[in-house]
There are 2 protein chains.
Amino acid sequence: MADQTLCPVARAETVVGDRWTVLVLRELFARNHRFEEIQAQTGGTPQMITARLKKLEADGLLTRRVYNKRPLRHEYHLTEKGEAFFPVLMALRAWGEAWCKSPREGRAMNYTHLTCGKPAGLGPVCESCGKPVRREDMVGERTAKYQKERDARWDAFKASR
Amino acid sequence: MADQTLCPVARAETVVGDRWTVLVLRELFARNHRFEEIQAQTGGTPQMITARLKKLEADGLLTRRVYNKRPLRHEYHLTEKGEAFFPVLMALRAWGEAWCKSPREGRAMNYTHLTCGKPAGLGPVCESCGKPVRREDMVGERTAKYQKERDARWDAFKASR
DNA sequence: CTTGTTACTATGATTTTCATAGTAAAATAG
DNA sequence: CTATTTTACTATGAAAATCATAGTAACAAG
């Protein structure tokens, strides 16, 4: 865990400073827990995904859970440390929505703040009620366009074998 | 700008999904605007830094500003898009402080929330007054230990030439 | 007993990164 | 006025990571 610096950003980046790693985490937060789904939705090669899952496990962000013996199959689940990464992903999402898109492309996800029952928006606090949002107080829903995109990716993945 | 996906996280990662890029941004937020300082504090090789600065400029997160003609010298400054990345960096910092350190190592930075005059803490909202923190409402101060670390890195960099 | 499913591993070409060294264009020092 | 220093890079070649593609292993279903 220890790097050679006190800087928390540098520390964090040795763990999550990699595109594939972040995309894998995105899938885990989206409750896709299996290798195949993660591979299909991130578009990574098997060894990219294998390597990131191993490293994330070694770094304590996820655990393997057996869901089938014979043949032995695992699901990947976030630990507390992994779950704690949520605010970073939300901040990244907000920045991506605001600065990496043309307006007409539209959102990928919409979150509802369960505490107040209204849209949570992009910020660290709910745009409707102003309270800080926690993951467990929100439900995310994919927009139709984004859901379609994901379905298409899954189909394409399945077709290529 | 357009990738092949609507996902803002994936979009963002094509821009900032890289250790060096994030460390360069950290230095720019720390108001280190020159090549040498950035190189020294990130520990990158010249071409790592050159490449990231070029890409960040191409992606619209920073601009070059001439501070000396003859010889031509530039400073690198964040654009609005670059400045908007601040919440991500803060979220990453919070996660790094909370999960990538042993408690006895201590903080690297402490921020004071100018609006209320008290410590801002790690969260997206001020731990003292509860309001969302913006960059312009905060002053960060390096802890003595972290400042010393940075001074040492600078000295070592300077000594190696 | 062949086909399908899931989760990988193997391979070789390409690309990126790293460490080290060197260049260029002045400013400053002797 | 020559020699050193400063700042910002570029060049080079070895080492490591990544990519596309293909293949394997272990079982389940028909």
Side-chain angles (χ1 to χ4, degrees), chain A residues 3-4 10 13-24 27-28 31-59 62-77 153-161, chain B residues 3-4 10 13-24 27-28 32-58 62-77 153-161:
Chain A
D3 204 1
Q4 226 68 320
E13 282 293 295
T14 66
V15 179
V16 297
D18 169 273
R19 211 171 84 82
W20 295 118
T21 300
V22 174
L23 294 180
V24 166
E27 289 310 306
L28 294 177
R31 290 175 237 279
N32 280 337
H33 302 292
R34 299 194 182 171
F35 192 93
E36 213 189 3
E37 298 172 309
I38 296 169
Q39 200 202 334
Q41 293 302 327
T42 59
T45 60
Q47 48 281 62
M48 288 296 104
I49 306 306
T50 306
R52 306 310 137 155
L53 288 172
K54 268 206 185 103
K55 181 153 193 293
L56 283 168
E57 193 186 5
D59 288 334
L62 60 81
T63 46
R64 279 161 192 267
R65 213 178 273 179
V66 173
Y67 75 89
N68 195 39
K69 311 181 175 191
R70 339 211 68 229
L72 191 58
R73 295 286 183 256
H74 297 98
E75 280 183 341
Y76 301 92
H77 286 264
R153 244 198 305 274
W154 181 253
D155 292 346
F157 179 79
K158 279 296 184 180
S160 70
R161 8 167 76 210
Chain B
D3 204 358
Q4 226 68 322
E13 281 295 295
T14 67
V15 179
V16 295
D18 168 275
R19 213 171 83 81
W20 295 119
T21 300
V22 174
L23 294 180
V24 166
E27 289 309 308
L28 294 178
N32 279 336
H33 301 292
R34 300 195 180 173
F35 192 92
E36 213 188 2
E37 297 171 311
I38 295 169
Q39 199 202 334
Q41 293 302 328
T42 58
T45 60
Q47 45 286 55
M48 288 297 102
I49 308 306
T50 305
R52 305 312 136 154
L53 289 172
K54 267 204 186 104
K55 181 153 194 294
L56 283 168
E57 193 185 6
L62 61 81
T63 47
R64 278 160 193 268
R65 212 178 274 177
V66 173
Y67 74 90
N68 195 38
K69 311 181 174 193
R70 341 211 65 242
L72 192 58
R73 295 286 183 255
H74 297 97
E75 280 183 341
Y76 301 93
H77 285 265
R153 243 198 306 274
W154 180 253
D155 292 345
F157 179 78
K158 279 296 183 180
S160 71
R161 8 168 75 215

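In what follows, chains carry the letters A, B, and so on, assigned in the order in which the sequence lines appear, proteins first and then strands, with residues in each chain numbered from 1. Worth saying up front: this structure is predicted, and the values here are computed from it rather than measured.
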field: Options C/dC8, D/dC9, C/dC18, nucleotide nearest the side-chain atoms of B/W20
entry: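 Nearest to the side chain of B/W20 among the choices is C/dC18.
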query: Which nucleotide in the set C/dA7, C/dC8, D/dC9 lies at the smallest distance from any side-chain heavy atom of A/Y67?
result: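 Within the option list, the nearest is C/dA7.
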Specify the closest pair of heavy atoms between [X] and [Y], including all atoms of both residues, with the distance to one decimal.
| X | Y | result |
| --- | --- | --- |
| B/T21 | B/V15 | CG2-O, 3.7 Å |
| B/T14 | B/K55 | O-NZ, 2.7 Å |
| A/V22 | A/V16 | CG2-O, 3.4 Å |
| B/R153 | B/A40 | CD-O, 3.5 Å |
| B/W20 | B/T42 | CZ3-O, 3.3 Å |
| B/E13 | A/R19 | OE1-CA, 3.3 Å |

Would you kindly give the [atom1]-to-[atom2] distance between [X] and [N], to the nearest whole Å?
| X | N | atom1 | atom2 | result |
| --- | --- | --- | --- | --- |
| A/W154 | C/dT6 | CH2 | C1' | 9 Å |
| B/K158 | D/dT5 | NZ | P | 12 Å |
| B/E37 | D/dT6 | CD | P | 15 Å |
| A/H74 | C/dA7 | NE2 | P | 10 Å |
| A/Q39 | C/dT5 | CD | P | 15 Å |
| A/F35 | D/dA26 | CZ | C1' | 16 Å |
| A/E36 | C/dT9 | CD | P | 15 Å |

- prompt: Hey, can you pull the residues of residues 45-55 of chain B with a non-hydrogen atom under 4.0 angstrom from DNA chain C?
  reply: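 Listed by number, they are B/T45, B/Q47, B/M48, B/R52.
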query: Hey, is the main chain of B/Y76 close enough, under 3.5 Å, to the side chain of B/H33 for a donor-acceptor pair?
result: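 Present.
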- prompt: Rounded to the nearest 0.5 Å, how far apart are CG of A/L28 and CD of A/E75?
  reply: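 One finds 10.5 Å between CG of A/L28 and CD of A/E75.
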message: Quick check on DNA chain D: between B/R73 and A/P71, whose nearest nucleotide comes earlier from the 5' end?
response: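 Counting from the 5' end, the first nearest nucleotide belongs to B/R73.
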- prompt: Hey, what bend do you get for the helix from C/dC1-D/dG30 to C/dG30-D/dC1 if you fit axes on five pairs at each end, rounded to 10°?
  reply: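 Inter-axis angle at the termini of the helix from C/dC1-D/dG30 to C/dG30-D/dC1: 0°.
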message: Under a 4.0 Å threshold between the charged nitrogen and the carboxylate oxygen, would A/K158 count as salt-bridged to A/E36?
response: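 Salt bridge: yes.
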query: Has B/Y76 got a side-chain N or O lying under 4.0 Å from the OP1 or OP2 atom of D/dC9?
result: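 For B/Y76, the contact criterion (side-chain N or O under 4.0 Å from OP1 or OP2 of D/dC9) is met.
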